[in-house]
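Have a look at the structure below before the remarks.
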Amino acid sequence: MNIFEHYLHIITKLVSDNKHDLKLTNLKDLKNVNLEVPPNHFNFDLSTNISLVLAKSNNLKPNDLAAELKDLILNNITHFYKIDIAGPGFLNIKLSKEGMISNINKIFEKKEIYGSKKSDGFYNIEFVSANPTGPMHVGHCRGAIFGDVLSNLLLFNGNRVVKEYYINDYGNQIHNFVKSVYLRLREIKFNEKFVIKENLYPGEYIKEIAKNIIKKNKELNIDNFDKSFEILKKLSLENSMSLIKNDLKQLGIVHDNFFSETELVEKNLVKRTVNQLQSENYVEDGYLDPPKGELSENWKKTKRLIFKSKLFGDDTDRALQKNDGTWTYFANDVAYHADKINRKFKNLINILGADHTGYITRISAAVSALSKNKVKLNCKVCQLVKLYKNGKPFKMSKRAGDFISVQDLLNEVNKDSIRFMMLNRSNDVELDFDFDKIKEKTKDNPVFYVQYAYARINSIIRTIKRNLDDKISINDNSFSPNDYEEKILRKIFEWPKVIESASYKFEPHKIPFYLYELSTLFHSYWSKGNEDKNFRFIENGKIKRKESLIFLYLIAIVIKNGMKILGVSLHEKM
RNA sequence: GCGCCGGUAGCUUCAACUGGAUAGAGCGCCGGAUUUCGGCUCCGGAGGUUAUGGGUUCGACUCCUAUCCGGCGCACCA
């Protein structure tokens, strides 16, 4: 239920039914007509550019057409009671009491699904996919939360969504990781000193993993690295994945599916995918262009299988094989995406960190080639997070090899604050994450501010001995909102629009922004009661005006729906 | 050098509903309210050539183009 869509449909139908009277011969631009929120100072509920759009294609003066449309609309739509013509020919519309009541009652019926828009997409969202070589660090956090909330958003609209984690458990990094565990094991068992060398993982957590492995596998033979590699790999990965899953869990994130790169290779999916592309002439045995940047001395022109991603707008073709003939990371990833396509997803979304931007074109090219342009891959990039504490950049002064982990973050601030703040900015811009601000109980801390609004509402509801779950509706026409309530109502009506635009553009940050604005309106209304006793909600333990009760319920519904999508908890008391 | 992202008020903060009206918030600054249903809350004010030049049109922060500044990326790594 979106009143903008609803009335737009009614208005355009009305106009096209009356096109002769209006002397409209050309209605092809009707699809460009929109119904929006008018700028604040106009004090109207709806605004449409219909006369501007239609005047142009019909050679009429916008203001003349506007005058005729105004009468037509007012005479036919009982939910509207006043229309002004503004600026070059905008129609600003005010809802009638009947219109308000009808829409408010619909919200009370919808309740926890108010704002959702019925869709039937089938999405695969791949996010986090942190290398399984240790616990998660801050860099993963933003993308993790972004992916999770985007999933919630799409689910809210009724889509089917699979949240997926691609485990990069193959290749050199894993080899180095397992080697590090191996050396730590020997350190424990044979007292051999662990020497930090290039490519080895020095972090303390490796010791923990090693201890863990020993504890559970007393008989484990570690005389020879190559011989025990496979079993060690398995044990090490189990450990690191459980670290990661624990981090995710504490952030409130649960994936539906973990997809292993090793399995992909073992099941021969890479070879099959490459064959498929080869038969369609997208893969050939050839030579790569030299690298574009500084010429490296290591670069040699050698023949190998390459994917012709230039055909899909990439600036160079991409290698599928390394010098030694094994598959590149990219080749495996292409196979992985082929598998996603085979699983019949209609929409693929990858959430990436800023350092993977350069990868987007080639993997998108691969998806286009594999699906014959039928499946769309959307890559959303999360920019860097900069941590601040006491006004200064926050760095952990631990010894080399350690980094700021998700655990470090969770030791400072709770999951709710992290989630809200990580989303309180567009994914396209760098984000400053300020520890001090998040702990404040002030308006500066958006999480607190929104949660506080909800707690205040609950306080009132408690005082008058009602419950937010009570059924409520408007049953008579004496309903008469004041100025504050009209503003709040407009904001409430905007909610479905926020959801639509957030899900259409994959921009969940619009939700925290919106909730903050809604909370501002509420706190402002509340404070009016300090100034002027007439604006207090309660007198002698009873609600004074039934209108205010309606609005408290409306705000609570929307805050609740919004925070549920964000995965941030609310409290009745704080 | 090439590619991607960004450049909006004094600001190491950002919004602007996929081309609409007088470009909005926050911080800071100036002024005011408040012995409360629930606490650092509220109201008002000043502050702008949207990085710069050109173009597209009834209309541009938004699209095109050139330039400048900042970030990230440019492997046979993952």
Side-chain angles (χ1 to χ4, degrees), chain A residues 4 32 34 36-42 47 49 52-53 55-56 62 86-90 92 129 131 133 168 170-174 261 288 291-294 296 298-300 302 304 314-316 318-333 353-361 381 383-384 386 388 393 424-432 434 440-446 448 452 455-464 494 497-498 500-502 504-505 509-510 513 516-517 520 523-533 536-539 541 543 573-574:
Chain A
F4 298 91
N32 296 331
N34 58 31
E36 299 290 346
V37 184
N40 228 331
H41 60 272
F42 282 113
S47 170
N49 61 354
L52 290 165
V53 172
K56 190 180 180 183
F90 287 97
N92 287 330
S129 299
N131 284 334
T133 54
N168 299 134
Y170 186 84
N172 285 330
Q173 288 192 6
I174 293 302
E261 185 179 1
L288 281 179
K292 298 261 169 176
E294 289 166 43
S296 147
N298 300 333
W299 189 78
K300 268 180 269 164
T302 26
R304 74 192 66 233
D314 203 353
D315 43 6
T316 175
R318 303 292 173 175
L320 295 166
Q321 282 179 310
K322 303 181 200 168
N323 259 347
D324 61 6
T326 58
W327 299 120
T328 60
Y329 172 82
F330 176 61
N332 293 348
D333 208 21
D355 51 344
H356 288 79
T357 320
Y359 191 71
I360 296 175
T361 323
V381 173
Q383 295 293 331
L384 284 177
K386 287 192 277 185
Y388 285 88
N424 201 26
R425 197 116 299 173
S426 156
N427 59 290
D428 281 337
V429 301
E430 287 188 9
L431 180 142
D432 289 347
D434 190 327
E440 278 177 29
K441 297 198 166 173
T442 72
K443 195 177 177 176
D444 282 353
N445 178 358
F448 168 79
Y452 188 41
R456 271 184 156 173
I457 291 173
N458 271 279
S459 154
I460 301 167
I461 301 292
R462 260 199 313 277
T463 308
I464 59 168
E494 212 181 309
K497 237 177 143 48
V498 172
E500 197 196 340
S501 127
Y504 175 74
K505 295 183 172 179
H509 72 277
K510 291 179 189 260
F513 273 101
Y516 187 79
E517 285 163 10
T520 302
H523 286 302
S524 169
Y525 186 18
W526 172 288
S527 302
K528 185 72 184 163
N530 292 342
E531 223 175 277
D532 181 346
K533 289 211 172 10
R536 300 247 172 115
F537 298 117
I538 297 175
E539 201 171 53
I543 201 88
K573 292 181 182 176
M574 287 173 78

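Taking the side chain of A:Lys573 as heavy atoms from C-beta on, and the options B:C76, B:A78, B:G38, the nearest nucleotide is B:G38. Side chain of A:Asp355, nearest nucleotide from B:C76, B:C17, B:G73: B:G73. Each of B:C37, B:C17, B:A78 was ranked by its minimum atom distance to the side chain of A:Glu36; first place goes to B:C17. Considering only side-chain atoms of A:Ser524, the nucleotide from B:C17, B:C42, B:C76 that sits closest is B:C42. Closest to the A:Val53 side chain, of the nucleotides B:G20, B:A21, B:C17, is B:G20. Comparing B:G38, B:A21, B:C77 against the side chain of A:Arg456 picks out B:G38 as the nearest. Relative to the side chain of A:Ser527, the nucleotides B:C17, B:C77, B:U41 differ in distance, and B:U41 lies closest. When distances run from any side-chain atom of A:Glu261 to the nucleotides B:A21, B:A78, B:C37, the shortest one goes to B:A78. Comparing B:G20, B:A78, B:A21 by their nearest atom to the side chain of A:Asn168 picks out B:A78. Closest to the side chain of A:Trp526, out of B:G38, B:A78, B:C42, is B:G38.
Counting non-hydrogen atoms under 4.0 angstrom, A:Val37 reaches a base of the nucleic acid. At a threshold of 4.0 angstrom between heavy atoms, the contacts of A:Ser459 include nucleobase atoms, whether or not backbone atoms are also involved. When heavy atoms are screened at a 4.0 angstrom cut-off, A:Ala319 is found touching the sugar-phosphate backbone but no base atom. Residue contacts shown for A:Phe4 are absent, as no nucleic acid heavy atom lies under 4.0 Å away. At a threshold of 4.0 angstrom between heavy atoms, the contacts of A:Ile538 include nucleobase atoms, whether or not backbone atoms are also involved. Nucleic acid contact class of A:Asn92 (heavy atoms, under 4.0 Å, all strands): base. Looking at heavy-atom distances under 4.0 Å, A:Phe330 makes no contact with the nucleic acid at all. Among the protein residues, A:Lys510 comes within range of the sugar-phosphate backbone only, with heavy atoms under 4.0 Å from sugar or phosphate atoms but none that close to a base. Within the 4.0 angstrom heavy-atom criterion, only backbone atoms of the sugar-phosphate kind lie near A:Phe513; the bases stay farther away. As judged by a 4.0 angstrom heavy-atom cut-off over every strand, A:Ala55 is placed among residues making no nucleic acid contact.
Take the nearest nucleotide of RNA chain B for A:Gln321 and for A:Glu517: the residue whose nucleotide is more 5' is A:Glu517.
Here A:Phe90 packs flat against the base of B:A21; its ring centre is closer than 5.5 angstrom to the base's six-membered ring, tilted by less than 30 degrees.
Across all strands shown, B:C37 has no partner, as no Watson-Crick or G-U wobble contact with both distances under 3.5 Å is found. Applying the Watson-Crick and G-U wobble criteria (two distances, each under 3.5 Å), B:A60 pairs with nothing in any strand. Of the nucleotides present, none pairs with B:G48 by Watson-Crick or G-U wobble criteria with both distances under 3.5 Å.
The separation between A:Leu288 atom CG and B:C74 atom P is 16 Å, rounded to whole Å.
With hydrogens and angles ignored, the 3.5 Å screen pairs a side-chain donor or acceptor of A:Asn49 with a backbone N or O of A:Asn34.
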